[in-house]
Every structure is written in structure tokens, then in C-alpha cells.
Enquirer: 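Provided herewith is a single structure, encoded as C-alpha cells, for subsequent inquiry.
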Amino acid sequence: MTRPETAHAAKVVARFKEMLGEECREHFNDEHLDELALLVESAIDAAVFETKERIVERLETLTRDLKTDAEFFVER
């Protein structure tokens with residue numbers, strides 16, 4: 001567990017396991033909980049990726065705007 005997303009997913013699954021009653025916990029084996037951890041980690045990864053994409057788009061827009069402004073001042 002070196003990635004923050006993996007560690008966070010493990011914490012989420014551990015908390016979920018704590019929230020289950022003893023009777024419910026009996027229905028979930030380690031494979032089920034490992035699969036849940038992968039699903040949580042995937043969801044976190046997707047959210048991080050989407051956020052990074054939005055940041056890149058904003059930076060690209062800012063770069064275009066700065067170039068346009070620079071060209072305007074150079075031409076004057």
C-alpha cells in the first residue's frame with residue numbers, strides 16, 4: 001500500500017466492515033472485501049483523474065489567453 005488511494009480505500013473498507021453487524025460480517029469473506037477495496041480505489045482514481053483533467057484544461061485555457069494577450073501587446 002504505497003499509494004494514498006490504496007491506503008484510503010483500505011480505510012474505507014475497514015470502516016465499512018466495522019459498521020456491519022456480526023451477522024452480516026459472516027457473509028463477507030476476505031475476497032469480497034478485497035474486491036470492495038479495488039472498487040473504492042478505482043472510484044478514487046477516477047475522481048482524481050477527472051480533477052486533474054479539469055486542471056489541465058484550465059491551464060491550457062490560461063496559456064492560450066496569456067499568449068493572446070502577449071501577442072496583442074507585442075503588436076501595439
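It should be emphasised that the depicted structure is a prediction, and the values quoted were computed from it without experimental measurement. Keep in mind that the numbers below use all heavy atoms, side chains included, and drop hydrogens, waters and symmetry copies.
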Enquirer: Search all heavy atoms of A37 against all heavy atoms of A9 and return the closest pair with its distance.
Expert: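 Closest pair (atom of A37, atom of A9, distance): O-CB, 3.5 Å.
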Enquirer: To the nearest 0.5 Å, what is the distance between NZ (K67) and CG (L62)?
Expert: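 Rounded to the nearest 0.5 Å, the NZ-CG separation comes to 11.5 Å.
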Enquirer: Could you tell me the separation between the OG1 atom of T68 and the CZ atom of F72, rounded to the nearest 0.5 Å?
Expert: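 Nearest 0.5 Å value for the OG1-CZ distance: 11.0 Å.
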Enquirer: Measuring from atom CD of E35 to atom CG of N29, what distance do you get when rounded to the nearest 0.5 angstrom?
Expert: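 Those atoms lie 10.0 Å apart.
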Enquirer: Decide whether F16 and L39 are clustered together by the hydrophobic rule: side chain heavy atoms of Ile, Leu, Val, Met, Phe, Trp, Tyr closer than 4.5 Å, transitively.
Expert: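 No, because F16 and L39 fall into different hydrophobic clusters, even though each may have its own neighbours under 4.5 Å.
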Enquirer: Can you tell me how far CD1 of I55 sits from CD of E53, rounded to the nearest 0.5 angstrom?
Expert: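 Rounded to the nearest 0.5 Å, the CD-CD1 separation comes out at 11.0 Å.
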Enquirer: How about E18: does its CD atom have over 12 heavy atoms from other parts shown lying under 6.0 Å from it?
Expert: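 Yes.
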Enquirer: Would you say that more than 12 heavy atoms from the other residues, nucleotides or ligands in this model lie under 6.0 Å from the CD of E23, or not?
Expert: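 Not more than 12 within 6.0 Å, no.
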Enquirer: With rounding to the nearest 0.5 angstrom, report the CG to NZ distance, D45 to K52.
Expert: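 So the CG of D45 and the NZ of K52 are separated by 9.0 Å.
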Enquirer: Can you find a side-chain donor-acceptor pair between R58 and T61 that sits under 3.5 Å?
Expert: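 There is no such pair between these side chains.
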Enquirer: Main chain of C24, side chain of H27: is a donor-acceptor contact present, judged purely on distance under 3.5 Å?
Expert: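 Absent.
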Enquirer: I'd like to check the salt bridge (charged side-chain N to carboxylate O under 4.0 Å, His left out) partners of E22; sequence neighbours left out, ordered by chain and number.
Expert: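 R25.
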Enquirer: For residues K11 and R15, determine if any side-chain heavy atom of one lies less than 4.5 Å from a side-chain heavy atom of the other.
Expert: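 In short, these two side chains do not touch, never coming nearer than 4.5 Å.
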Enquirer: I'd like to know if L38 and V48 are part of one continuous hydrophobic network [Ile/Leu/Val/Met/Phe/Trp/Tyr, side-chain heavy atoms within less than 4.5 Å].
Expert: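 No.
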Enquirer: Please say whether more than 12 non-hydrogen atoms of neighbouring residues, nucleotides or ligands are located less than 6.0 Å from CG in D30.
Expert: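 Incorrect, the count does not exceed 12.
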Enquirer: To check you understand the geometry: which heavy-atom pair defines the closest contact between V13 and L33, and what is its length?
Expert: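 Nearest heavy atoms, V13 then L33: CG1-O, 3.8 Å.
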